[in-house]
Amino acid sequence: MKKRIAIFASGSGSNAQKIMEHFKYSEEAEVSLVLSNNPDAYVLQRADNFEIPSHVFDRQEFYQTNEIVDLLKRLNIDLVVLAGFLWLIPENLLQGFPNKIINIHPSLLPKHGGKGMYGDRVHKAVLAAGDDEHGITIHFVNENFDEGEVIYQGRFRVEKGDSLELLKFNGQQLEHLHYPKVIENLIKKI
Ligand code: GRF
């Protein structure tokens with residue numbers, strides 16, 4: 001039986017795209033569902049392009065009901081992948097999928113993580129701090145933003161004068177390369 005992946009994303013979904021591409025012809029796993037809190041998120045179009053069903057929810061459904069957990073259970077989801085999903089994961093979802101929810105963050109956690117640290121803000125913080133290296137972190141999700149056990153970190157050097165765009169580009173390249181592979185490795189252990 002193929003393992004079943006659900007992706008949560010709030011925005012563009014370029015990582016979701018790479019994951020859907022990676023598993024499109026896989027014998028091991030498939031992306032079974034894409035979920036978003038944002039009805040205008042481009043990730044929904046991307047899911048459509050792969051003929052993968054999607055589900056849009058609001059705060060009430062996510063935080064005040066068990067509907068999302070029920071949906072994921074009904075679809076026999078094995079792994080929950082956050083890919084640019086901006087909301088904190090509620091307790092019922094964490095308990096329903098213990099050690100089965102992972103996230104990707106565009107910095108070398110614990111540096112430059114936490115509430116409000118997303119998108120360009122992360123790279124700006126790296127430049128402001130004068131860090132000489134930067135990178136990405138893939139980690140298990142717990143009840144706090146960007147804090148669970150680290151699964152993988154990819155790093156690159158930051159040279160004096162590097163632009164925010166360069167940092168962003170380098171990070172994104174690492175994300176797109178490694179997130180699908182890390183997911184594939186995890187799937188094998190489930
Ligand atoms: C990525 O940088 C990821 O690390 C962070 O959100 C961003 C999502 O980008 N969690 P995209 O929507 O996959 O392009």
Side-chain angles (χ1 to χ4, degrees), residues 2-11 13-16 18-20 22-23 26 28-37 43 62-63 66 68-69 72-73 75-119 121-123 125-126 129 131-158 167-168 170-190:
K2 274 194 198 181
K3 296 292 189 312
R4 296 166 67 79
I5 300 165
I7 301 178
F8 281 70
S10 302
S14 71
N15 280 281
K18 294 292 169 190
I19 298 163
M20 292 187 286
H22 186 89
F23 289 102
S26 165
E28 312 292 325
E30 63 169 42
V31 178
S32 307
L33 184 66
V34 171
L35 301 100
S36 185
N37 59 303
V43 72
F62 196 53
Y63 290 111
N66 213 46
I68 299 289
V69 179
L72 298 174
K73 292 286 182 195
L75 292 177
N76 295 315
I77 296 301
D78 297 290
L79 185 70
V80 173
V81 171
L82 311 185
F85 182 63
L86 295 177
W87 290 359
L88 205 58
I89 300 301
E91 194 56 40
N92 62 338
L93 190 44
L94 290 171
Q95 277 176 9
F97 291 86
N99 286 317
K100 300 275 181 341
I101 310 178
I102 63 171
N103 181 42
I104 190 164
H105 184 79
S107 77
L108 292 169
L109 291 175
K111 279 188 165 180
H112 313 302
K115 191 168 166 54
M117 286 303 276
Y118 60 88
R121 293 183 194 188
V122 177
H123 308 297
V126 170
D131 293 354
D132 60 7
E133 66 168 2
H134 186 24
I136 64 158
T137 304
I138 297 168
H139 63 95
F140 286 107
V141 169
N142 69 14
E143 64 280 10
N144 298 316
F145 278 114
D146 306 326
E147 269 192 16
E149 185 196 336
V150 171
I151 304 166
Y152 173 85
Q153 288 193 306
R155 51 192 77 226
F156 57 91
R157 290 204 62 77
V158 179
L167 265 48
K168 204 160 136 178
N170 287 341
Q172 201 173 45
Q173 295 291 102
L174 280 181
E175 292 190 338
H176 291 172
L177 183 65
H178 292 286
Y179 210 10
K181 290 186 190 168
V182 167
I183 293 167
E184 187 172 315
N185 282 334
L186 272 179
I187 283 285
K188 287 187 182 137
K189 296 181 200 151
I190 291 176

For [X] and [Y], which heavy atoms make the closest approach, and how far apart are they?
X	Y	answer
H105	G113	NE2-CA, 3.7 Å
S10	S36	CA-OG, 3.9 Å
E133	V158	C-CG2, 3.8 Å
A29	I187	CB-CG2, 4.1 Å
V43	A16	CG2-CB, 3.7 Å

L72 vs L33 side-chain heavy atoms within contact, under 4.5 Å:
yes
Compare all side-chain heavy atoms of P106 with those of V122 and state whether any distance is below 4.5 angstrom.
yes
Ion pair check, K2 and E28, cut-off under 4.0 Å:
no
Residue pairs involving residues 132-153 (criterion ring-ring contact (aromatic ring centres under 6.0 Å, His included); sequence neighbours excluded)
H123-H134, H134-F156, Y152-H178
From [X] atom [atom1] to [Y] atom [atom2], the distance as rounded to the nearest 0.5 Å:
X	Y	atom1	atom2	value
L35	I68	CG	CD1	5.5 Å
D146	S107	CG	OG	7.0 Å
R4	I77	CZ	CD1	5.5 Å
I183	L79	CD1	CG	6.5 Å
I190	K3	CD1	NZ	7.0 Å
I104	I138	CD1	CD1	4.0 Å

Dump the intermediate steps for side chain to side chain contact (heavy atoms under 4.5 Å, CB included) on K73 and V69, then the final yes or no.
CA-CA 6 Å; K73 292 286 182 195; V69 179; 4.2 Å; yes
Please list all pairs meeting salt bridge (charged side-chain N to carboxylate O under 4.0 Å, His left out) that have one or both residues in residues 93-113, counting only residues at least two apart or in different chains.
K111-D131
Using a 3.5 Å cut-off and no angle test, enumerate the donor-acceptor pairs between side-chain atoms of residues 85-97 and protein atoms at least two apart in sequence or in another chain.
unit_1, atom_1, unit_2, atom_2, d
E91, OE2, Q95, NE2, 3.1
N92, ND2, T65, O, 3.3
N92, ND2, N66, OD1, 2.8

Listed once per pair and sorted, the side-chain hydrogen bond (donor to acceptor under 3.5 Å, both in side chains) pairs that draw on residues 179-190, sequence neighbours left out
H22-E184
Hits for side-chain hydrogen bond (donor to acceptor under 3.5 Å, both in side chains) against T137, two or more places apart or cross-chain, chain-then-number order -> Q153
Listed partners of S14 passing side-chain hydrogen bond (donor to acceptor under 3.5 Å, both in side chains), at least two apart:
Q172, H176
